[in-house]
Amino acid sequence: MGVVWKAWLARLRSPGEEGAGSAGSPLSPLAWAEELVDALPEVRHSSSRERLMERAREAHRIAWGPHFRQWWAALLAETYEPHHPNGGVALLTPNLASGQRFRRVYITYAVEGAYGAEEVEDYFVPEELRVGLEEALRRAGGVLPRRFTGRDRLLLEELKTRAEEVVITYPEADQEGPLEPDPVLVGPAPDPLPPLPAASPLEVNPPQPYRAGLGPVLLASPTVEDLRHYEECPMRHWAERLVQDPKPEWWQLWAREVRESKKLVPARLEALAQQFPQAEGWMRHHHTLLRGLNLGFSLEDKGLRVQLDGISRRDREVHIYRFVAPGTPSKEAEEKVRKRWSERWAAAYLLSHPTWQIRRVSLWAWPVLGEPVLVYGNPIERLWEALKQHQRRVQEAKERYSSGEIKPKPGFPCRNCAVRDVCREGSPG
């Protein structure tokens, strides 16, 4: 078919164009256009042939050679074909002639008096053309006009023929009392529904309805941060463990990889730079500080455990770092670390542990792609009362956690809880 295709491409080019037909028998543009039109049987024997050739003659008067075909095509695009639709009279089907327009019609509220042909005022009659009932009777020869005779029964019978299938329903009563169905529509004694099996377990009244059990639950070994979530709402902490976590953002994946690195050696830095190119320049700028951190550092004491993003020690001074989202303002980043339990518990542990002999602990909130922010504005140099109270609060939460007590704690956090439907905001069952 390739040869045929190329032959047609050459045939569709007018004389003078590159790639046109054989140069041995050159044709004039009009002769070429007539030959091309007659090559199509659908056009050669149609009434449009003369109109096509008329447009070709117009193009021939305007252009010659390679521009002839472009002008002919442009003129043909502006030519309209007259359309003569078939004449005739539209016929109605038997259903349409009988007034049916739908396959199924629903007649609701089929009670006595709901459907009627009662007299109402015609707002489309001009005021000067309105007459009284006596004048209307006189003009009608003393006979009541047909539109005042009342046709309720005929109307109701007509409603039942509006479709191939007519479904009629009515309520047995409303707020004012029982209702009487219209016998013309419903019939004198509508048949009751046959006995049907229960369509849903909700239709069956079990002796004891189901209620969610709120007994003790065996929970895994907690971290200090797990205890903070547990203290906010035990039910939410337990239920969120059963729900699939949302997809983490790139900086959270980066922080996890960094914690698993333990030390940011040059080889590991290059690997992270390829994996997270958006943080490459920032990591190289802070490489000296990042390289000196013990990443993913863990502390354990009395069954409690914390995992810190990064920690460094200089003589008897310790710096604890927590990574937060990129672009977090300084005040907001500091507040995020203050709300956490892990860093404050680790500070209290280091200041009170005799083996470490730490005198100062600095907490830092470090936005990724940003600069570190010192929490509290200065280092912690002694175990003040607020840190002691924090340690007691963590220990009390651990005791309740170990007992497996899972109860909802409704309150302000319920507004953004992803599992609020589990506990119905504190209402079990």
Side-chain angles (χ1 to χ4, degrees), residues 214 216-241 245 255-256 259 294-313 317-324 332-366 373-414 416-417 419 423:
L214 298 177
V217 176
L218 183 60
L219 299 172
S221 178
T223 64
V224 173
E225 210 58 36
D226 289 336
L227 295 177
R228 179 177 70 87
H229 291 288
Y230 177 84
E231 184 69 9
E232 291 178 354
C233 179
M235 174 68 77
R236 179 176 181 176
H237 172 74
W238 169 77
E240 284 184 343
R241 287 172 171 258
D245 294 334
R256 184 173 62 188
R259 285 193 293 268
N294 293 317
L295 302 170
F297 188 80
S298 296
L299 287 174
E300 295 187 16
D301 181 55
K302 299 179 182 179
L304 296 172
R305 178 174 57 88
V306 297
Q307 186 178 31
L308 307 174
D309 284 353
I311 184 174
S312 66
R313 179 174 181 177
E317 182 177 355
V318 169
H319 296 264
I320 300 175
Y321 292 86
R322 172 68 185 179
F323 298 115
V324 297
E332 185 179 344
E334 181 180 349
E335 187 64 24
K336 285 182 178 294
V337 176
R338 284 192 181 190
K339 289 181 179 180
R340 291 172 51 84
W341 283 11
S342 298
E343 285 73 23
R344 284 186 291 161
W345 185 90
Y349 171 80
L350 293 173
L351 289 171
S352 61
H353 201 281
T355 304
W356 283 76
Q357 296 183 355
I358 300 300
R359 290 185 177 180
R360 304 176 67 186
V361 176
S362 298
L363 303 182
W364 296 86
W366 197 348
V373 178
L374 181 61
V375 182
Y376 300 114
N378 49 40
I380 304 173
E381 298 184 350
R382 61 184 178 85
L383 192 63
W384 64 68
E385 186 60 30
L387 283 180
K388 294 179 182 179
Q389 178 64 24
H390 177 65
Q391 285 183 310
R392 289 192 293 268
R393 185 181 181 185
V394 172
Q395 192 62 36
E396 292 171 359
K398 180 180 179 299
E399 293 175 1
R400 290 192 295 272
Y401 185 95
S402 301
S403 67
E405 177 183 310
I406 298 297
K407 291 184 178 180
K409 188 184 290 186
F412 183 77
C414 293
N416 60 352
C417 179
V419 293
C423 69

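Values reported hereafter were calculated over all heavy atoms of this structure, with side chains retained and with hydrogens, waters and symmetry mates removed. Predicted model only: the values in this text are computed from it and were never measured.
For Arg259, the salt bridge (Lys or Arg N to Asp or Glu O under 4.0 Å) test picks out Asp309, with sequence neighbours left out. Legend: residues meeting side-chain contact (heavy atoms from CB on, under 4.5 Å) with Arg305, ordered by chain and number and at least two apart, are Thr223, Glu300. With sequence neighbours excluded, no residue forms a salt bridge (Lys or Arg N to Asp or Glu O under 4.0 Å) with Glu399. With sequence neighbours left out, Gln389 forms a side-chain contact (heavy atoms from CB on, under 4.5 Å) with Arg392. Scored by the ring-ring contact (aromatic ring centres under 6.0 Å, His included) test, Phe297 finds no partners at all (sequence neighbours excluded). With sequence neighbours excluded, the residues satisfying side-chain contact (heavy atoms from CB on, under 4.5 Å) with Ser298 are Gln307. Under the salt bridge (Lys or Arg N to Asp or Glu O under 4.0 Å) criterion, Arg256 pairs with no residue at all, not counting sequence neighbours. Applying the salt bridge (Lys or Arg N to Asp or Glu O under 4.0 Å) test to Glu332 and every residue at least two apart in sequence or in another chain returns nothing. Legend: residues meeting ring-ring contact (aromatic ring centres under 6.0 Å, His included) with Trp341, ordered by chain and number and at least two apart, are His390. For Ala346, the side-chain contact (heavy atoms from CB on, under 4.5 Å) partners two or more places apart in sequence, or in a different chain, are Leu299, Val306, Leu308, Ile320. Evaluation of the ring-ring contact (aromatic ring centres under 6.0 Å, His included) rule for His237 yields Tyr401 as partners, not counting sequence neighbours.
Residue pairs that meet the salt bridge (Lys or Arg N to Asp or Glu O under 4.0 Å) test with at least one member in residues 355-366, sequence neighbours left out, are Arg360-Glu381.
With hydrogens and angles ignored, the 3.5 Å screen pairs a side-chain donor or acceptor of Arg344 with a backbone N or O of Arg340. No donor-acceptor pair closer than 3.5 Å links the side chain of Tyr321 to the backbone N or O of Ser312. At distances below 3.5 Å, at least one donor-acceptor pair connects side-chain atoms of Lys409 with backbone N or O atoms of Glu231. Between the Glu334 side chain and the Tyr376 main chain, a donor and an acceptor come within less than 3.5 Å of each other.
The shortest distance between side-chain heavy atoms of Glu240 and His229 does not fall below 4.5 Å. With a 4.5 Å cut-off on side-chain heavy atoms, Trp345 and Glu225 do not count as touching. Annotation: side chain of Glu317 is in contact with side chain of Ser362 (closest heavy-atom distance under 4.5 Å). Using a 4.5 Å heavy-atom cutoff, the side chains of Val361 and Leu387 are not in contact. A heavy-atom distance below 4.5 Å is not found between the side chains of Trp366 and Val373.
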